[in-house]
There are 2 protein chains.
Amino acid sequence: MQPFSYASSNQPSSAQLDATFGALADPTRRAILARLATGPASVSELTAPFQMTQPAISKHLRVLEKAGLISRSQDAQRRPRTIEAQPLAQANEWLERYRELWEARYQQLDSLLDEMKSMRTP
Amino acid sequence: MQPFSYASSNQPSSAQLDATFGALADPTRRAILARLATGPASVSELTAPFQMTQPAISKHLRVLEKAGLISRSQDAQRRPRTIEAQPLAQANEWLERYRELWEARYQQLDSLLDEMKSMRTP
DNA sequence: TGGTTGCATAACTGAATGGTAATGTACAAG
DNA sequence: CTTGTACATTACCATTCAGTTATGCAACCA
């Protein structure tokens with residue numbers, strides 16, 4: 001587990017963002033996260049949907065775990081993984097700083113559409 | 001420029017998310033984006049803050065451009081870059097699907113804090 | 001015209017990434 | 001106690017990545 005901190009405003013280190021975004025930059029790992037969002041799953045369950053071998057999935061799980069995006073527990077021989085949302089929240093916080101940028105973009109699009117509309121209604 | 005689409009609801013391809021998250025998984029590229037969020041900048045302006053050579057920055061710019069995160073224009077010998085927010089909006093949309101996850105997490109933290117508080121006020 | 005500025009491109013290098021097959025290991029079940 | 005299941009680990013390979021130096025090229029400037 002991560003060291004405890006009180007506030008939700010602990011800003012992520014650069015290395016943490018590197019790891020998080022790096023982990024998300026792969027479709028297999030995003031699919032694994034999507035699966036884990038519905039609840040914990042064993043390695044073989046996580047392997048089943050893919051054409052890859054089990055060691056390949058284990059590698060992906062290692063990447064996700066090092067980024068703090070999943071954690072490992074134990075159930076007999078099984079090592080179920082659980083999604084950990086905090087790094088996702090941090091990535092989201094980082095992106096939020098650019099929100100007004102893309103919202104301004106939509107504003108431009110809106111006014112373009114308005115303009116087009118006014119051209120059809122003279 | 002990207003092919004035009006009316007709605008803001010065009011969902012990104014897997015490859016697009018790969019490129020976007022991959023581009024964001026590097027501190028130099030995130031710093032470049034942060035700079036460009038304040039307005040367009042030439043390559044030499046973008047190179048100045050770093051200890052890297054200019055070709056290294058040009059490589060990073062190529063990664064950002066292939067991900068659609070920046071665009072290139074022309075001003076005499078200069079090739080100023082402009083930030084393009086759409087891929088950031090798409091990445092944000094992807095993350096939003098997990099929002100309830102980390103909000104639930106904060107809820108747990110809140111109740112933990114409540115519990116601790118109630119222990120100090122018997 | 002000839003030099004300088006601004007940037008791109010090419011060729012190279014070391015390290016990291018993403019996959020494989022083969023093997024090792026802990027636990028459970030007969 | 002032996003066997004099977006679930007997973008990790010190792011060794012290996014091809015590809016990509018992040019940086020370098022060297023070079024090319026277009027546009028401005030004296």
Side-chain angles (χ1 to χ4, degrees), chain A residues 13-36 39-83 87, chain B residues 14-36 39-84 87:
Chain A
S13 72
S14 182
Q16 175 62 60
L17 282 175
D18 289 4
T20 302
F21 284 129
L24 297 182
D26 182 284
T28 303
R29 290 194 289 262
R30 287 197 305 275
I32 288 175
L33 283 182
R35 165 64 187 82
L36 290 179
S42 70
V43 174
S44 38
E45 284 170 340
L46 292 173
T47 302
F50 299 101
Q51 291 177 317
M52 274 172 260
T53 58
Q54 171 261 317
I57 298 295
S58 280
K59 274 196 174 186
H60 283 302
L61 293 175
R62 227 169 80 88
V63 172
L64 288 166
E65 188 175 354
K66 287 184 75 173
L69 283 162
I70 63 174
S71 61
R72 190 197 312 226
S73 55
Q74 181 153 4
D75 166 29
Q77 318 106 309
R78 256 143 262 134
R79 302 290 135 83
R81 303 311 209 272
T82 307
I83 194 169
Chain B
S14 183
Q16 175 62 60
L17 282 175
D18 289 4
T20 302
F21 284 129
L24 297 182
D26 182 285
T28 303
R29 290 193 289 261
R30 287 197 304 277
I32 289 175
L33 284 181
R35 165 62 187 82
L36 290 179
S42 70
V43 174
S44 38
E45 284 172 339
L46 292 173
T47 302
F50 300 101
Q51 292 178 317
M52 275 174 258
T53 58
Q54 169 261 316
I57 299 295
S58 279
K59 274 197 175 185
H60 283 302
L61 294 175
R62 225 169 83 87
V63 173
L64 289 167
E65 188 175 354
K66 287 184 75 172
L69 282 161
I70 63 175
S71 61
R72 191 196 312 224
S73 55
Q74 181 154 4
D75 165 30
Q77 319 107 309
R78 257 142 260 137
R79 301 285 181 280
R81 305 310 211 270
T82 307
I83 195 169
E84 297 290 336

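As a basis for the values below, the full set of heavy atoms in this structure was taken, side chains included, without hydrogen atoms, waters or symmetry mates.
Along DNA chain D, the nucleotide nearest B:A25 and the nucleotide nearest B:D75 are compared for position; the residue whose nucleotide lies closer to the 5' end is B:A25. Mapping B:Q51 and B:R79 onto DNA chain D via the closest heavy atom, the residue that lands nearer the 5' end is B:Q51.
Taking atom CG of residue B:L64 and atom P of nucleotide C:dC7, one finds them 16 Å apart after rounding to whole Å. Here the C1' atom of nucleotide D:dT9 and the CZ atom of A:R62 are 10 Å apart, to the nearest Å. Atoms CD (B:E45) and P (C:dC7) sit 8 Å apart, rounded to a whole Å. With rounding to whole Å, A:M52 atom CE is found 13 Å from C:dT17 atom C1'.
Comparing C:dT9, D:dG19, C:dG6 by their nearest atom to the side chain of B:Q77 picks out C:dG6. Nearest to the side-chain atoms of B:A56 among the listed nucleotides C:dC7, D:dT21, D:dG19 stands D:dG19.
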Problem - CA sep, side-chain torsions, deciding dist, call: A:R62, A:S58, side-chain contact (heavy atoms from CB on, under 4.5 Å) - result: CA-CA 6 Å; A:R62 227 169 80 88; A:S58 280; over 6 Å; no
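With hydrogens and angles ignored, a donor-acceptor pair closer than 3.5 Å exists between the side chain of A:Q54 and the base of D:dA8.
The phosphate of D:dA8 (OP1 or OP2) has a side-chain N or O of A:S58 nearer than 4.0 angstrom. Between A:S44 and D:dC7, a side-chain N or O to OP1/OP2 separation shorter than 4.0 Å is present.
Across B:L36 and B:R81, no two heavy atoms sit closer than the pair CD2-O, 3.4 Å.
Counting only heavy atoms from C-beta outward, the side chains of A:T28 and A:H60 approach each other to under 4.5 Å.
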